[in-house]
Structures are given as structure tokens and as C-alpha cells.
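Here's the structure, in C-alpha cells; my notes come after.
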Amino acid sequence: MTEKSLPNENKNTDEIDVKKLVGKRIREYRKMRGMSQETLSEIIEIDSKHLSNIELGKNMPNPQLLLKISRAFDIEIKDLFEVFHLLPKEKLKNALFDLIERLNEEQLRSTYKYIKSFVI
């Protein structure tokens, strides 16, 4: 997503728990890679309890740890912050509505066809 197409986070930043969403994103990548918490903990050189607290949104990893985690998954650090798909249903719907409001007619028609292909 480009910066222009991001949902208007400023409206809802008070309602978004970044630590929890980043933790969920790390868990999502870990599971996609078929790693246990213990395995990832060893790779990034932290205690598995600390990793558990990060994934639960209790702790936020520092920048150096974010770099180690991104390297373990072979992704860019920014990918760990692409979390809008993890929002609760109502917040996700609101974010989508915000995006839809900014589409021109051609984009809106294409988006409709794309979404419709999943609903049928």
C-alpha cells in the first residue's frame, strides 16, 4: 500500500493498540514460517517468555530486536507494521470505507469486481 492509500489512522490511533497488532503480526509470520516460539527465540537471541510477551502485546520490541525479527523472517522491518488486516472487524470495515471514499469511479468499479469475486 502506498502512503496515499493508507486508512486514516489519525482518526483512530487512540483506539489501536500497536503493541498488540505488532505482536499478532510477529506471531503470524512465525506461524507462516512453521517456527515455534522457542526456535524464533533462539534465532533472535531472547528468552522465549519475552517473545511470548511480545506476541501477546505486553511488550514492544526495541528497534534492534525488530531488525533481528525481520531478518529471521527475511522481510523488511516495515512489514511487521502492516497490521491493518489484523484489526477487529468493525475497525477493518471502517478502514475499508475510508479507502473506498478516496477511489475515483474507475478504481471503484475495479474494486467492486475484485471484491465481488470473493463473495460469490
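No experiment lies behind these values; they were computed from the predicted model shown. The figures that follow rest on heavy atoms only: side chains count, while hydrogens, waters and symmetry mates do not.
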* Distance, nearest 0.5 Å, that separates NZ of Lys20 from CE of Met60 -> 14.0 Å

* **Asp74, CG atom: more than 12 neighbouring heavy atoms under 6.0 Å** => no

* **Between CG on residue Leu66 and CZ on residue Phe81, distance to nearest 0.5 Å** => 5.0 Å

* **Same cluster (ILVMFWY, side-chain, under 4.5 Å), Leu67 and Ile75** => yes

* Asked: Which distance, rounded to the nearest 0.5 Å, do you find between the CG of Leu51 and the NZ of Lys49?
  -> 11.0 Å

* Does the side chain of Asn59 come within less than 4.5 Å of Lys19's, by heavy atoms? -> no

* To do: Could you tell me whether Glu28 and Arg25 make a salt bridge, using a distance below 4.0 angstrom between a side-chain N and a carboxylate O?
  => yes

* Would you list the pairs meeting ring-ring contact (aromatic ring centres under 6.0 Å, His included) in which at least one residue belongs to residues 88-115, sequence neighbours left out? => Tyr114-Phe118

* Contact check, side chains of Arg27 and Arg30, non-hydrogen atoms, under 4.5 Å -> yes

* Salt bridge present between Glu55 and Lys24 (N-O < 4.0 angstrom) -> no

* Considering all heavy atoms, the nearest Met35-Ala72 contact -> CE-O, 3.8 Å

* With the side chain counted from C-beta on, respond yes when Leu40 and Phe73 share a heavy-atom pair under 4.5 Å apart, and no when they do not. => yes

* **Residue pair Ile43, Thr39: steps toward the side chain to side chain contact (heavy atoms under 4.5 Å, CB included) verdict** => CA-CA 6 Å; Ile43 293 169; Thr39 300; 4.0 Å; yes

* Asked: Between Tyr29 and Asp79, is any pair of side-chain heavy atoms under 4.5 Å apart?
  -> yes

* Structure fact -> CD (Gln37) and CD1 (Ile46) are apart, to the nearest 0.5 Å, by 9.0 Å

* Structure fact -> CD1 of Ile100 to CD1 of Ile115, rounded to nearest 0.5 Å, is 5.0 Å

* To do: Please round to the nearest 0.5 Å and tell me the distance separating atom CD of Glu105 and atom CZ of Arg109.
  => 4.5 Å

* Does Leu80 reach the side chain of Pro61, with side-chain heavy atoms less than 4.5 Å apart? -> no

* Taking Thr111 for its side chain and Gln107 for its backbone only, find out whether a donor-acceptor pair lies under 3.5 Å. => yes

* Under the side-chain contact (heavy atoms from CB on, under 4.5 Å) test, residues paired with Lys58 that sit two or more places apart -> Asn53, Leu56

* With side chains defined as the heavy atoms from C-beta onward, is the minimum distance between Leu65 and Ile69 less than 4.5 Å? -> yes

* Counterpart residues, salt bridge (charged side-chain N to carboxylate O under 4.0 Å, His left out), relative to Lys89 (two or more places apart) -> none

* **Closest approach of Ser41 to Ser48 (non-hydrogen atoms, all atoms of both residues)** => OG-CA, 3.1 Å

